[in-house]
Amino acid sequence: MLRAVIGYAETPMFRILRASSPVLFCLSLWLCVRPASADESAVKAYPECSREPTDGDVQAAKGAFQAGQAAFKEADYARAILYWEDAYRRDCTAHPLLLNLATAYELSGNKEQAIAALQTYLVRRSDAPDADQITRRVEVLKRQVEEAKAAAQPAPAPVQPPPPAAPPKPPEGEIQTQESSGNRPILPLIVAGSGGAIAFVGVAVWARAGADIKDLEKQCPTRSNCPKQVADDGNAARRRQTIGGVTTIAGLVIAAGGTAWYFLSPSEPESVAGSHFTPVVVPGYAGFTLSSRF
């Protein structure tokens with residue numbers, strides 16, 4: 001339990017003087033303490049006690065002490081420090097006041113000034129019976145001050161990770177693929193697949209008609225005075241060959257247009273689930289494959 005270590009008794013004469021002129025008393029106290037608290041953040045040293053206090057100094061110190069004690073009981077540590085600093089300034093032989101000040105400074109968060117007050121007490125009361133206890137208290141306060149300073153230092157800036165390395169360039173002859181953020185529309189692929197199928201049918205018709213023409217030319221190499229049936233079959237084969245060629249060209253044009261349409265179309269967001277058609281055109285087969293995602 002915290003308690004004041006000095007028990008000044010207020011005399012009736014001092015009580016009368018303080019009650020009769022409170023304004024003068026407070027003004028003199030403010031003028032005396034103001035210079036000492038101008039820079040609260042700096043650790044101030046206590047001047048050497050080189051004189052004996054007068055009776056007036058002792059009486060004034062007692063009044064200031066009791067006022068500080070009342071403020072301390074109300075947990076008003078800042079005001080208690082003001083009064084007790086003034087009391088010790090007036091009576092610098094009252095060294096136990098330094099213990100009161102150390103406690104008030106510690107409770108108010110100014111542990112460095114509390115250390116200064118305790119160290120001053122140890123110097124001026126080297127024969128104090130509680131010197132060992134106060135020394136340990138000083139060590140604890142110093143350790144707490146160091147820990148607070150270490151915690152208050154700014155944390156080092158985080159190290160930025162190096163930028164990702166560029167993907168290696170594929171060797172010649174390999175196709176480099178790139179993932180897209182979405183899928184292109186399926187309709188151009190359907191058109192391109194249809195064109196490929198038409199071109200495949202046209203090629204088949206053109207090739208079959210060409211084979212028939214070669215067989216008929218063997219039957220009538222001169223192409224003159226040919227039997228009527230051979231001539232009719234030859235003309236029909238040429239018409240089928242022409243139709244097959246036109247169909248092949250048309251299919252290739254449609255396939256090229258669908259392919260260009262597909263690659264020039266903007267990508268659409270990729271769906272999570274659904275079915276996808278993929279045109280397939282290989283020798284002997286033309287159609288679509290259906291794939292689903294869930």
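Quick note: residue numbers are just sequence positions, from 1. Not measured: the values here are computed from a predicted model.
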Can you tell which of Leu98, Val123, Leu141 makes a side chain to side chain contact (heavy atoms under 4.5 Å, CB included) with Leu118? Leu141
Is there side-chain contact between Leu97 and Arg89, with heavy atoms separated by less than 4.5 Å? no
Only counting residues at least two apart or in another chain, list the ones meeting side-chain contact (heavy atoms from CB on, under 4.5 Å) with Ile243. Thr247
In chain order, what residues pass the side-chain contact (heavy atoms from CB on, under 4.5 Å) check against Ile249, with sequence neighbours excluded? Val253
Establish whether Phe200 and Leu252 are linked, either directly or via other cluster members, by ILVMFWY side-chain heavy-atom contacts under 4.5 Å. no
Go through the structure and list residues passing salt bridge (charged side-chain N to carboxylate O under 4.0 Å, His left out) with Arg239, not counting sequence neighbours. none
Are any non-hydrogen side-chain atoms of Tyr46 and Tyr88 less than 4.5 angstrom apart? yes
side-chain hydrogen bond (donor to acceptor under 3.5 Å, both in side chains): which pairs involve residues 138-149, sequence neighbours left out? Lys111-Gln144, Glu112-Lys149
Do Arg90 and Asp86 sit within salt-bridge range, that is, some charged N less than 4.0 Å from a carboxylate O? yes
Check the side chains of Asp233 and Gln229 for a donor-acceptor pair under 3.5 angstrom, ignoring hydrogens and angles. yes
Would you kindly say whether Asp132 and Thr135 are connected by a side-chain donor-acceptor distance under 3.5 Å? no
Return the set of residues passing salt bridge (charged side-chain N to carboxylate O under 4.0 Å, His left out) with Arg125 (not counting sequence neighbours), or none when no residue passes. Asp127
Indicate yes or no for a side-chain donor-acceptor contact from Gln113 to the backbone of Ala102 under 3.5 Å, with no hydrogens or angles considered. no
Quick one: list whatever passes side-chain contact (heavy atoms from CB on, under 4.5 Å) with Ala71, sequence neighbours left out. Asp76, Arg79, Ala80
Can you tell me how far CH2 of Trp261 sits from CD1 of Ile254, rounded to the nearest 0.5 angstrom? 12.5 Å
With distance as the sole test, does Thr259 use its side chain to make a donor-acceptor pair with the main-chain N or O of Ala192 at under 3.5 Å? no
Asp91/Lys62 ion pair, N-O < 4.0 Å: no
By salt bridge (charged side-chain N to carboxylate O under 4.0 Å, His left out), Asp130 pairs with (sequence neighbours left out) none
List in chain and number order the residues that pass side-chain contact (heavy atoms from CB on, under 4.5 Å) with Ser108, two or more places apart in sequence or in another chain; answer none if no residue qualifies. Tyr77, Ile81, Tyr105, Asn110
Nearest 0.5 angstrom please: Ile213 CD1 to Arg238 CZ, how far? 5.5 Å
Residues forming a side-chain hydrogen bond (donor to acceptor under 3.5 Å, both in side chains) with Thr242, sequence neighbours excluded: none
Check: Trp84 side chain, Leu101 main-chain N or O, donor-acceptor pair, under 3.5 Å: no
Pairing residues for Arg137 by the side-chain hydrogen bond (donor to acceptor under 3.5 Å, both in side chains) criterion, not counting sequence neighbours: Thr103, Glu106
Tell me whether Phe263 is reachable from Ile186 by hopping between hydrophobic residues (I, L, V, M, F, W, Y) whose side-chain heavy atoms are closer than 4.5 Å. yes
When every non-hydrogen atom of Ala209 is compared with those of Ala237, the smallest separation belongs to CB-O, 3.2 Å
Would you mind listing every disulfide bond (SG atoms under 2.5 Å apart) that reaches into residues 71-126, with sequence neighbours excluded? Cys49-Cys92
Heavy atoms only: give me the nearest Tyr262-Pro185 pair and the separation to one decimal. CD1-O, 3.7 Å
Looking at side-chain heavy atoms only, is the closest gap between Leu99 and Ile134 below 4.5 Å? yes
Those residues at least two apart in sequence (or on a different chain) that pass salt bridge (charged side-chain N to carboxylate O under 4.0 Å, His left out) with Asp215 are none
